[in-house]
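The next block holds one structure in the form of structure tokens; read it before the comments.
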Amino acid sequence: MQERYEPAAVERAAQDYWDSQGTFVAREQAGRGKYYCLSMFPYPSGRLHMGHVRNYTIGDVLARFMRMQGLNVLQPMGWDAFGLPAENAAMANGVPPARWTRENIAYMKRQLQALGFGLDWTRELATCDPEYYRWNQWLFLALLERGIAYKKTGVVNWDPVDQTVLANEQVIDGRGWRTGAPVEKREIPMYYLRITAYSEELLDALDGLHDWPERVRTMQANWIGRSEGCEVSFPYADDIQAALEQGALAPPGAVAGGVAQALAALQRDGTLKVFTTRVDTLFGVTFAAVSAEHPLAALASVGNPQLAAFVEECRRGSTMEADVATMEKRGLATGLHVLHPLSGAPIEVWVANYVLMSYGEGAVMGVPAHDERDLEFARRHGIAVRTVVRPALASWEQVGAAWLPEYAAHGITINSGEFSGLEFDAAVAAISGALEQRGLGRKRVQWRLRDWGISRQRYWGCPIPLIHCAACGEVPVPEADLPVRLPEDLVPDGSGNPLEKCAAFLHVACPRCGRAARRETDTMDTFVDSSWYFLRFASADQRAAPVDERVQYWLPVDQYIGGIEHAILHLLYSRFWTRAMRDLGLVKLAEPFGKLLTQGMVLNQIYYRQPAAGRRVYFNPAEVEVHFDADGKRTGAILTGDGQAVEIGGLGTMSKSKNNGVDPQSMVEKYGADTARLFMMFASPPEQTLEWSEEGVQGQFRFLRRLWKAVYEHVVAGPVSAHQGLVSIAADAALGAAGAALRRQAHHTLERVTDDIARRRVFNTAIAASMELLNAVTRYQEPGPMARAVRHEAFEIIVLCLSPMVPHISHELWYALGHEQALIDATWPRPDQHALAQDTVELIVQVNGKLRARVQVATGADEASARAAAMADATVRRFVGDAPPRRVVYVPGKLLNIVV
RNA sequence: GCGAAAGUGGCGGAACUGGUAGACGCGCUGGCCUUAGGAGCCAGUGGGGCAACCCGUAAGAGUUCGAGUCUCUUCUUUCGCACCA
């Protein structure tokens, strides 16, 4: 063993050893317990970022720990390789997305290897490989055949200048990111997956996901959004009937296409349908509101230029729900009416920009007295407010001008004709019963979840395997012709999908009739790619099918690790897709992920200067020097380049725009992979945000160097051999008080670290405990062979406990401590109960809940002896006084509280 | 706007099941040492008093013998909102 810790050499040696042994190549072994440990695969953006390092270190710590627990571990890795950034890079540099992506993959793979992750690279996959995406296509056609995939129109962001569909990310403040033109909504045909058919199952099964974070389950449940309520039909009044008849009588061609469609839809429906969870307030309805895309809005716009302009205005702006929800709530009356389904009173229909066509029926009933948004709308437009519910303890007769939350509370119906005087459940039952009798309503369940639109008008994605034939319609690509290969040499220019201009791709013979036909140019949402990759890893080399029986062995994933930002979409789509594959008979499981760990974001300081004119200039923290005063408080920061001050802008997630990213590569080159891994695990618990700190990294490097030096000094002080420590110390050996205390601490550390990793999934405290043990063992200076054995055992425990986090240095130190077997193949030991035993324990003594003393009592002491020990303390006696205590609370082994 | 979570020293964090607030590390202060290294070692470090003790976990209330932890209200920050991945 050499005296100096040189991470580069240590890490190369350890990695060479694992590679040469094929240590991390996983093989199915019937009857042996398996552990499938999966971290979310990266998008190959160019270089690893700190979030990746964090994510994959967590996964690797668990994988290595479970391996040492004796499990057959699979930890695979792949690439989420399709997506928008490759097209943006292509536009910026003129390099085809395929080349850019593959070069990034090669670079990032080397980075992952340098970090020493125990990955099974024989199962590597990239979603842009035809061998992978052919099965996307195959599965899509199977879903299409089963009716789970289907076609309908959907709304997209449209850039009228570039004549192209924009992703939400490409819409900045309602304008196209390249052209600056106001974005419009546009309806186009798309393919959808019927995830809503699984709403109930996806919701109910959340209860069984005990090892998922509570907050993720709550978010998914709210996203699926089950609400029980009533569908209510409002018959058309004479004015709508007249408009419909007039439209129907008009000569063909006299009405525009959109209006003709609207007429047909309205005639088909026959009534205005709304969904409500508060049918008990039906008699409080004073208006109805429809979305601007609702057919009734189109009908009312005919001959009403003001309304037509408003409807047109609503078409502008993005499709993002957050934008829709925060914009000013506006509306305009249509002049048309529907009839109250029970009273027959006419109700005016309004067009409102806050009604979403995609939720419910695209129309709502307006009850200003008992709904906050409706009240705001009614007050602004002078619509009547009719109070129809009064809570049992309400102090008001009629709702006031300003909204109060109790207006929405359940209560007793009033002003509701024969339905007055009923409490909520009875009112709902009576009113929905009456509606059902008239054929104007029924109770039903409404879901917030919408079907999943997977069509993307983009190049760098998996082609949707369909052919459009003038004679045969939409024809699936025959299985023998799969995969439909994406041409890899195109470079997008921002004006639409380049596939539409690629003759070689576009023109194809119809598989049915052989005549000239046109390929579908839309590609699939990249969430499709990531919805089943975890299944493919189990059978990555299977050429004849997407998955095979090996899925049975490896799945479900035992531990899934990824960013909290995926809490809803990716995880829900994966749960759905797995069920869809189950219903295709391809797999037997429904839930793909057993345990879920959602890691927090990586943050860093933001430094900037604000010029007198123009935009802020951001400086990377690596170029900034921070200054502290004598109390350790931060006083300011300067740019090392010019020595001038920079502003401190607080913390933010590492990003290009704030220039506060730190390249993991520089950290690995400077300090080694072990320091990088150790810092990421030590700086905060995995589920919380992590703040980058260069000083913190240095601290971890110093710790590793101290550990190396301590082991070196131990090793050179005398002969070492395996089994010198853990098993050689006789249970009743005379160790002396200090030796026994160190042994107890060592085994207590082992116990804590095991629990921290296996049960609590926190690593910062496991590392802290190991640091404490190193501090203790370096303080322990007893001479003699017995003391040497105690030290040796403590060192072994430190190296073992840290090994999942810092596998390279541990690999080396384990050999130095005399072992012949590699550490990765060692078994995780159990703490020695005998070493843990104690004769006395410290008892906290409180008087009136305030700490007054600590006393030593025998382990298992009863209350009387604990009280006696406490009263022997002068401070305790002083605070207790002469009067007998009013109450005494005794928690054995912990605390005694005397209440006076 | 809606949904979810989090606020503890100068900083990151610890306190797991309601029972010692501040483990471990960073930063800072003082000292020692030297082969002057992105070193190492020793001591100190929540605030007040510098003693006894008192006060302290975003703010305010409540439950309890006892609250950082449970309940309610408010404030702030972070994540998601269906075409970023």
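So you know, we letter chains A, B, ... as the sequences are listed, proteins then strands, and number each from 1.
- Across all strands shown, H570(A) has no heavy atoms under 4.0 Å from either base or sugar-phosphate atoms.
- Rounded to a whole Å, the CG atom of L802(A) is 14 Å from the C1' atom of rG25(B).
- For rU69(B), there is no paired nucleotide, since no Watson-Crick or G-U wobble pair has both relevant distances below 3.5 Å.
- Ring geometry for H566(A) against H570(A) counts as perpendicular: the plane angle is over 60°, on a 0 to 90° scale with 30° as the lower cut.
- Of the C1' atoms belonging to rA6(B) and rC54(B), the separation is 31 Å, rounded to the nearest Å.
- Within the nucleic acid shown, M190(A) comes within 4.0 Å of at least one base atom, counting heavy atoms only.
- Between the side chains of R706(A) and N775(A), at least one donor-acceptor pair of N or O atoms lies under 3.5 Å.
- Relative ring orientation between W577(A) and W452(A) is described as perpendicular, the plane-to-plane angle rising above 60° on a 0-90° scale split at 30° and 60°.
- Taking side-chain N and O atoms only, N222(A) has no distance below 4.0 Å to OP1 or OP2 of rC2(B).
- Toward the 5' end of RNA chain B, the nearer of the two residues T319(A) and P685(A), judged by each one's closest nucleotide, is P685(A).
- Going from atom CG of L704(A) over to atom P of rG25(B) covers 13 Å, rounded to whole Å.
- If you check every strand for non-hydrogen atoms under 4.0 Å, P213(A) touches nothing.
- Positionally, the nearest nucleotide of RNA chain B for R878(A) lies more toward the 5' end than for the other of V155(A) and R878(A).
- Residue contacts shown for L449(A) include a base, since a base heavy atom lies under 4.0 Å away.
- Nucleic acid contact class of S455(A) (heavy atoms, under 4.0 Å, all strands): base.
- Closest to the D80(A) side chain, of the nucleotides rA85(B), rG80(B), rG25(B), is rA85(B).
- Residue L895(A) is in base contact, counting any heavy-atom pair closer than 4.0 Å across all strands shown.
- Of the candidate nucleotides rU20(B), rA85(B), rG1(B), rG1(B) has the atom nearest to the side chain of A322(A).
- With a 6.0 Å cutoff to the six-membered ring centre and a 45° limit on the axis angle, R852(A) counts as a cation-pi contact of F879(A).
- Contact annotation: side chain of R886(A) to base of rC65(B), donor-acceptor pair absent below 3.5 Å.
- Aromatic ring orientation, Y533(A) versus F41(A): parallel (interplanar angle below 30°, classes split at 30° and 60°).
- Counting non-hydrogen atoms under 4.0 angstrom, R852(A) reaches the backbone sugars and phosphates but no base.
- K670(A) comes within 4.0 angstrom of a base, heavy atoms only.
- One P atom belongs to rA14(B), the other to rA23(B), and the distance between them is 13 Å to the nearest Å.
- Considering I898(A), L895(A), L843(A) as possible partners of Y890(A), the one that fulfils the side chain to side chain contact (heavy atoms under 4.5 Å, CB included) test is L843(A).
- For the residue pair Q856(A) / T840(A), a side-chain donor-acceptor distance below 3.5 Å is found, with atom types taken as modelled.
- Distance noted for atom P between rA15(B) and rU64(B): 28 Å (whole Å).
- Among the nucleotides rA14(B), rA39(B), rG12(B), the one closest to the side chain of T765(A) is rA14(B).
- Between W532(A) and Y132(A), a ring centre-to-centre spacing shorter than 6.0 Å is recorded.
- Looking at heavy-atom distances under 4.0 Å, V888(A) makes no contact with the nucleic acid at all.
- For Y43(A) and W79(A), the distance between ring centers is not under 6.0 angstrom.
- In this entry the distance linking CH2 of W692(A) with C1' of rC26(B) reads 13 Å, nearest Å.
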| Once each nucleotide of nucleotides 66-76 of chain B is scored for protein heavy atoms under 4.0 Å, what B/S/- sequence comes out, 5' to 3'? | -----------
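- Inspection of the T153(A) and E187(A) side chains reveals an N or O donor paired with an N or O acceptor under 3.5 Å.
- With rounding to whole Å, E169(A) atom CD is found 11 Å from rG80(B) atom P.
- Among the atoms of the strands shown, base atoms are found under 4.0 Å from some heavy atom of V156(A).
- Among the atoms of the strands shown, only primed sugar atoms or phosphate atoms (P, OP1, OP2) are found under 4.0 Å from some heavy atom of F628(A).
- R456(A) pairs in a side chain to side chain donor-acceptor pair (under 3.5 Å) with only one of the listed residues (D525(A), N497(A), T523(A)), which is D525(A).
- An anti base is found at rG66(B): its glycosidic angle is more than 90° from 0.
- Distance, R575(A) CZ to rA82(B) P: 20 Å, rounded to whole Å.
- Using a 4.0 Å heavy-atom cutoff across all strands shown, T875(A) reaches sugar-phosphate atoms only and no base atom.
- Proximity of R760(A) to the phosphate of rA15(B): a side-chain N or O atom is located under 4.0 Å from OP1 or OP2.
- Remark: K894(A) is not in phosphate contact with rU17(B), judged by side-chain N or O atoms under 4.0 Å from OP1 or OP2.
- Distances shown here put a side-chain N or O of T526(A) below 4.0 Å from the OP1 or OP2 atom of rA85(B).
- Set against rG19(B), rG40(B), rG12(B), the side chain of V889(A) has rG19(B) as its closest nucleotide.
- Under the Watson-Crick or G-U wobble criterion, with both distances below 3.5 Å, rC53(B) is paired with rG48(B).
- Spacing between rC42(B) and rC33(B) at atom C1', rounded to whole Å, works out to 11 Å.
- Looking at heavy-atom distances under 4.0 Å, F527(A) makes contact with a base.
- In this entry the distance linking CD of E687(A) with P of rU78(B) reads 20 Å, nearest Å.
- Atom CG in N168(A) sits about 8 Å away from atom C1' in rA82(B), given to the nearest Å.
- Not one side-chain nitrogen or oxygen of R215(A) sits closer than 4.0 Å to the OP1 or OP2 atom of rA5(B).
- When each of rC79(B), rA23(B), rG13(B) is scored by its nearest atom to the side-chain atoms of E772(A), the top-ranked nucleotide is rA23(B).
- No engagement by R373(A) is indicated, since no non-hydrogen atom pair under 4.0 Å with the nucleic acid exists.
- Summarising the geometry, the separation between CG on D756(A) and C1' on rC16(B) is reported as 9 Å, rounded to the nearest angstrom.
- Across the P atoms, rC11(B) and rA43(B) are found 26 Å apart, a figure rounded to whole Å.
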